Amino acid sequence: MNVFSNEALSEHHILITGATGGIGYETAVEAVKAGAAVTITGRDEEKLKALEEACMHVDSDAKVFSAPADLNDQESRKGLVSEAAEQLGPITGLVNSAGVIGGGPLDKISEEDLRSIMELNYFSTVLLTQEVYKHMKQQSNPRGAIVNLSSLSGLRGTHSNIAYSASKFAVTGFTQSLAVEAVEHNIRVNAVCPGYVDTAMGQQAIKSKGEREGRSYEEQLKVAEAGIPSGQLSTPGEVARAIIFLLSDASSNIIGESMKISGGSVMR
């Protein structure tokens, strides 16, 4: 279901990281539906090409630029922002969707795992945002919207989730702190905090928890659904449409929020 006008983002250029993942993919498609020019990035060139074709299928006149990038690399981040602006004009929106899951209980976390999760989920998010934020402020009429993908795990801790949860708490804190700075330059910053989403990453999280509890994936899925008042996982499209709302002028006075998408499992 699409509640947005095909002109809601017609004057915007949105950069979407993690675009080959379920949420990033759907966000790119929804952004094109809303009229945006879109730069999509990820590490898998074949998946980026497939997404570019999917966007063109939605709108044959869509402006889509795909650019593989390693967000952990400084030169790659700078090159991505520079090339995107050169191809499609000033960037007015950023969706930080790239991320990984992993970890475990404290006594089983390796230093390598802890560092790699924090590196992509937090450090690369902050450092890419720094490049885009600088670019946004340099425009003659600064404006913009930044949406970070946090998680319910960035709002409350859960068993055997220390590394991932810590990285998402960091993203939530970054969102709130930058929001206070950025609003002075007409740039809005918010986050979305989904619970279980029916994506490859969400399925892996359910599978991993099932293995810890001695359950099959199917058994653990039923347990997960039973713990959600709505009785179902969120879909990538639901999360994507929340992101589009936060990018659009419809949310012009929403600043520094962490929008929960939980099926009612977390309310506060």
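The structure displayed is predicted, hence computed values, not measured ones.
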Test Leu128 against Leu80 for side chain to side chain contact (heavy atoms under 4.5 Å, CB included), laying out the working first. CA-CA 9 Å; Leu128 176 64; Leu80 170 64; 4.3 Å; yes
Identify the heavy atoms of Cys55 and Ala62 that sit nearest to each other, and give their distance. O-CB, 4.1 Å
Among Thr27, Val95, Ile23, Leu149, exactly one meets side-chain contact (heavy atoms from CB on, under 4.5 Å) together with Val192. Which residue is that? Leu149
For the residue pair Leu94 and Val132, establish whether any side-chain heavy-atom pair is separated by less than 4.5 Å. yes
Looking at Glu53 and Lys49, does any basic side-chain N land under 4.0 Å from a carboxylate oxygen? no
Minimum heavy-atom distance between Ala182 and Tyr133, given as atom pair plus value: CA-OH, 3.5 Å
Around His57, counting heavy atoms of other residues, nucleotides and ligands shown, do more than 12 lie under 6.0 Å from its NE2? no
How far does CD1 of Ile117 sit from CZ of Arg115, to the nearest 0.5 angstrom? 12.5 Å
Can you name the nearest heavy-atom pair linking Ile228 to Ala224, along with the distance? CG1-O, 3.3 Å
Nearest heavy-atom approach of Ser165 to Arg156 is OG-O, 3.9 Å
Establish, from distance only, whether the side-chain atoms of Glu112 and Ser116 form a donor-acceptor pair under 3.5 Å. no
Let's go through Val29 and Leu51 carefully: what are the C-alpha distance in whole Å and the side-chain angles of both, what is the deciding distance for side chain to side chain contact (heavy atoms under 4.5 Å, CB included) to 0.1 Å, and is it a yes or a no? CA-CA 8 Å; Val29 171; Leu51 175 54; 4.1 Å; yes
Within a radius of less than 6.0 Å around CZ of Arg212, do more than 12 heavy atoms belonging to other residues, nucleotides or ligands occur? yes
Count the heavy atoms of every other residue, nucleotide or ligand shown that sit under 6.0 Å from CD of Glu45, and state whether that count exceeds 12. no
Could you tell me if His13 and Thr92 have a donor-acceptor pair between their side chains, going purely by distance under 3.5 Å? no
Lys/Arg-Asp/Glu bridge criterion (N-O < 4.0 Å) met for Arg77, Glu131: no
Exceeds 12 heavy-atom contacts within 6.0 angstrom, atom CG of Asp107: yes
Do Asn161 and Thr158 pass the side-chain hydrogen bond (donor to acceptor under 3.5 Å, both in side chains) test, and can you show the C-alpha distance, the side-chain angles, and the key distance before you say yes or no? CA-CA 6 Å; Asn161 200 28; Thr158 54; 3.2 Å; yes
Inter-residue atom distance Ile40.CD1 - Ile16.CD1, 0.5 Å rounding: 8.0 Å
Closest non-hydrogen contact found for Gly154 with Thr172 is O-OG1, 3.3 Å
Smallest separation among heavy atoms of Met267 and Lys260, with atom names: CA-CE, 4.3 Å
Could you tell me whether Phe169 atom CZ has more than 12 heavy atoms of other residues or ligands within 6.0 Å of it? yes
Check this for me: does any side-chain nitrogen of one of Asp59 and Lys33 sit under 4.0 Å from a carboxylate oxygen of the other? no
Would one find more than 12 heavy atoms of other residues, nucleotides or ligands at under 6.0 Å from atom NZ of Lys209? no
In terms of heavy-atom contacts, does CD of Glu11 have more than 12 from other residues, nucleotides or ligands at under 6.0 Å? no
Between Ser150 and Cys193, is a side chain to side chain contact (heavy atoms under 4.5 Å, CB included) present by the stated rule, with each step listed? CA-CA 5 Å; Ser150 185; Cys193 297; 3.7 Å; yes
Tell me whether Leu71 shares a hydrophobic cluster with Ile101, the cluster being built from Ile, Leu, Val, Met, Phe, Trp, Tyr side chains joined at under 4.5 Å. no
Side chain to side chain contact (heavy atoms under 4.5 Å, CB included) for Asn148 and Phe174? Distances and angles first, verdict last. CA-CA 9 Å; Asn148 297 319; Phe174 166 60; 3.8 Å; yes
